[in-house]
Structure formats: structure tokens, C-alpha cells
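The first residue in the sequence is number 1, and the count goes up from there.
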Amino acid sequence: MTISKTQRGRAMAAMSLTAALALTATACGDDGSGSGKEGSGSGEITFWDNNGGPRTAIWTEIIKDFEKKYPDIKVKYVPIPIADVQSKYDTAIAGGGLPDVGGVGTAYLANIVSQEALEPVTDRIKESSLNGKLVEGMVDSVKVAGGRGDDLYSVPTSANNGALWYRTDLFKAANLPAPTTWDNFYAAADKLTDAKNNKFGYTIRGGAGSIAQALDAVYGQSGITDFWAGDKTTLNDPKNVAALEKYAALFKKTTPAADVNNDFTKMVAQWDTGTIGMLSHNLGSYQDHLKALGAEKFAGIPAPIGEGDTRVQVSNPVDGLGLFRAGDNKTAAWKFIEFAASHESNSKWNEAAGAIPANTEAAKDPWITKSEPTALAAKALTDGSTKIVQLPYYLPDWNNISKADNEPEFQKLLLGKVTAKEFLDKMAGELNTAQQEWKELGNG
């Protein structure tokens, strides 16, 4: 019998968790298994920011506003780098030290929910000022990602969206149309490349976070709009294989060779300071581009349009705030979540991040129309022009499969060590197994 890396990882995690719980069984609230307490509603709470660094400044401002309104509550802010957040939660669930409140994205929500570490917040929302004030689509995404029916296990705060950033000055100089279609995208990538002079048409993400960007390009070109066909994924459909072959072939032809190791930080910095024509990244890098280039030298548009004038893109994670079950001051922690998701705070946070607000009142604020990339993304997601391929965030194994298990394989693909078909067949097999196991547990 062959045991996959995912299965081995799950088994090891289960054994580690069991051992840790046995050791800490007498420690009230140390790990994620305790029921915690409502508490007095005052005192100190701990908040883990799941994108510490890039979002530290805006969270510091919101925390200052919160402590001014609630002087009897102090918030201990802990910035967690986005690349480390899931492992930090897993370690804390197993060994103790979870926060009262933490940033939780739908990409790894199911993993935390399956370990019973989060408190359902459905009833708290109904009884709060947030009732009826959260974007329905984001609420639905959080429900699906949690995998527990209609229960919400985080309060949605924002949605991001992929954007194709392009240098309008370089496009104008080369007399190129905007890359609004995939044909225009590939033509521009080729024409803007002059490798001898360190000029490239595109920068491809080969390091951490590469899979989501690749899937966006794959489904965007193939036009396939469903991730599942029955119990099997469409990931390795021949149309997707052909699309990935074309996309991966850009590496070192119209992209820098260093891209094979670049995560979003290096990729964005490279684009902002160099002469690369296009960059695929989400709305979160808007402020970086604005500071580096000025508004007149770049623009951001949703994913290119494919055949039949249809835009297809994969779903983007919805970010949110989770209330941890083992916390001993849930009343104060909930006050912080409610404050952070309120109109003023949610608008302030999303404007700083360049993301789409989850608060319906914040989503109507004037700054959104002033930020053209955000306005275009919001329009694309709401006017019916975009077909969304819903990724299976609800699978507890999704994050491992789409990151640790296959990011190194994507690098092999770029380097020509595996084919597009081999890469997609491997990942599809792991996903089909994970889906089957999830259903065997009575889900779906």
C-alpha cells in the first residue's frame, strides 16, 4: 500500500495533536480544545495578524482607535508573516498559546475548524451591529470554506482579487493595446522582452504562492468554469494541460530567470524597480506600485478575457477574523472583532490594503471609485461578466496540496524537469483523494 505525503502528514499531525492534548489536558485553555470563558469584557486580549508586516501599520491604527473607545481593553498585537500563519496556528493548537482573536483566511479555515479551535460566530453576528451589514457573497464563501453547513467560523473582513498590472508607459512606447485578452497578453510578453538589456514582458511567480497564480492563468485560458466534474477535479483536463504548457513556456523566454524562486515580495519589488511589462498579483500591491511608479506609469485590470468574451478566474480567499474557542475573555475579543468589521474600521483597513470591503456600508465609500483597480475588480465580480471557479478551500488538505506539496513541483515544471500533464495529474490525484476522504466523513 502506498501512502501519500498528504496522508503521512495528516497522520503525523494527528499523532502530534493527540500527544500534545494528553500533555496539556489539565491546562485550562492552553490549546484549542478548551471551551474557554466569556470573561468580564475588560482586560487584555491577544490578536494575531495573519499578514504581519505589510498590514502592521493599519492594524496599529485600528487598535489605537479601539482602545480609545474601550479604554478598559488592551490589545496585544502579534504580527505573523503570511507564509507562517497556518503552521503557527497548527503548532499553537497542538501545544498551546492560541490568541483570543486571529486573522483567518478561507484558504486554511477548514484546517483550523477541523481541529475544533474556532468558535462559531453565526449567533454573535445576528445579535450584533454587524447583522445584515456583511457582503452576502463573502459570507457564503466563509460558510462553504468552513465545511460545517450554515455555521460561520470567522467574520469576513475583505476579499482580494487577482489583477494583471501592466506598465502603461512601456505599452504606449511599444504601441501595444492593453492586455485585456489572453492573445494581447502573450503578444505583449513577447514584444516587450529584450533579455540582453534586462527587459522582460512578464514576471512569473515561481516561489511561494505560485500555484494560485498558475491556476488563475490555466482556468482563465481554458474557459472551464467548474473545479469538479462529479467526484473528479477538472484540474488535469486536456484544455487545462494545454493552457499550462503555454503559460509555463514564458519562463526564461519572456521572464527573468530569477522568477523560479520569487515569492510575491521579490516579484513586486522587481516589477516596481525594473522594466518588466506585466505582473500578476492581487490588489494588495497597489500602494507599492503607486509609490514606486506614480499613477501615470501603470494600470491594473482584472484577468484577461478568453474565448467567447468570457472572463474566468479562480476564487480568491476571503480574509476574516476568528474567535478562538479556548479564549478566556471572549466578550472583549468579540468587541474587538465587531469594531474591526464595522463601517469605519473596515473601510480604513481595506483602503490601506487596496482590497474589497466585507462591510456593505464600507463597500459604498468614495475611495473605492477613486482606486480604479479596486473599482474594476469589484465591478467584474458583481456585474456577471466573470465566471468564478470555486476552489475547494473546505478540504482540510487544500492548503498543503496547493502549497507545500506542489510548489516545488511547479518549479520543476518551469525548469523542464516535469511536464504540464505530469504536474497536473499529480495534483489532481491528491485532490481527488482528499475529496473522497472528505465525503467519507459525511460531508458534501
With a 4.5 Å cut-off on side-chain heavy atoms, are Arg325 and Pro120 touching? yes
N/O donor-acceptor pair under 3.5 Å between Thr254 side chain and Tyr202 backbone: no
Between Glu119 and Arg124, is the closest basic N to carboxylate O distance under 4.0 Å? yes
What residues, two or more places apart in sequence or in another chain, satisfy side-chain contact (heavy atoms from CB on, under 4.5 Å) together with Lys232? Asn432
List for me each residue that meets side-chain contact (heavy atoms from CB on, under 4.5 Å) alongside Thr157, sequence neighbours excluded, and say none if there are none. Asp319, Leu321, Asn346
What's the verdict on salt bridge (Lys or Arg N to Asp or Glu O under 4.0 Å) for Lys426 and Glu422, showing C-alpha distance, side-chain angles and the deciding distance? CA-CA 6 Å; Lys426 175 185 179 294; Glu422 288 169 338; over 6 Å; no
Answer yes or no: does atom CD of Glu361 have more than 12 heavy-atom neighbours from other residues, nucleotides or ligands under 6.0 Å? yes
Is the Trp438 ring parallel, tilted or perpendicular to the Tyr394 ring (thresholds 30°, 60°)? tilted
Does the side chain to side chain contact (heavy atoms under 4.5 Å, CB included) test come out yes or no for Ile58 and Glu61, once each step is laid out? CA-CA 5 Å; Ile58 185 58; Glu61 185 177 341; 4.0 Å; yes
Student check: side-chain heavy atoms of Leu415 and Phe251 closer than 4.5 Å: yes
Count the heavy atoms belonging to other residues, nucleotides or ligands that lie under 6.0 Å from CD of Glu136, then report whether that count exceeds 12. no
Looking at Asn131, I'd like to know if its CG atom is crowded, meaning that more than 12 non-hydrogen atoms belonging to other residues, nucleotides or ligands lie closer than 6.0 Å. yes
What's the separation between atom CG in Leu134 and atom CG in Asn359, rounded to the nearest 0.5 Å? 6.5 Å
When the side chains of residues 296-305 are checked against the rest of the protein, which donor-acceptor pairs come out under 3.5 Å, sequence neighbours left out?
none

Salt bridge (charged side-chain N to carboxylate O under 4.0 Å, His left out) contacts touching residues 212-222 (sequence neighbours left out): none
Does the pair Glu338 and Leu130 meet the rule for a side chain to side chain contact (heavy atoms under 4.5 Å, CB included), with working shown? CA-CA 7 Å; Glu338 186 177 6; Leu130 299 177; 4.2 Å; yes
Any chance you could measure Leu395, atom CG, to Lys439, atom NZ, to the nearest 0.5 Å? 10.0 Å
Just so I know, are the side chains of Leu109 and Pro317 near enough to count as touching, which here means a heavy-atom distance under 4.5 Å? no
side-chain contact (heavy atoms from CB on, under 4.5 Å) involving Ser87 - partner list, sequence neighbours excluded: Asp84
Any side-chain heavy-atom pair of Tyr286 and Thr374 under 4.5 Å: no
Aromatic ring proximity Tyr166/Phe185, centre distance under 6.0 Å: no
Under 3.5 Å, side chain of Thr233 to main-chain N/O of Phe227, donor-acceptor pair present? yes
Can you find a pair of side-chain heavy atoms, one from Phe47 and one from Asp100, that are under 4.5 Å apart? no
Residues two or more places apart in sequence or in another chain: which of them pass side-chain contact (heavy atoms from CB on, under 4.5 Å) with Ser315? Ile388, Gln390, Leu391, Tyr393
Parallel, tilted or perpendicular: which one describes the rings of His289 and Trp165, with boundaries at 30° and 60°? perpendicular
Is the backbone of Ala341 close enough, under 3.5 Å, to the side chain of Ser345 for a donor and an acceptor to pair up by distance? no
Taking C-beta and beyond as the side chain, do Leu152 and Val139 meet within less than 4.5 Å on heavy atoms? yes
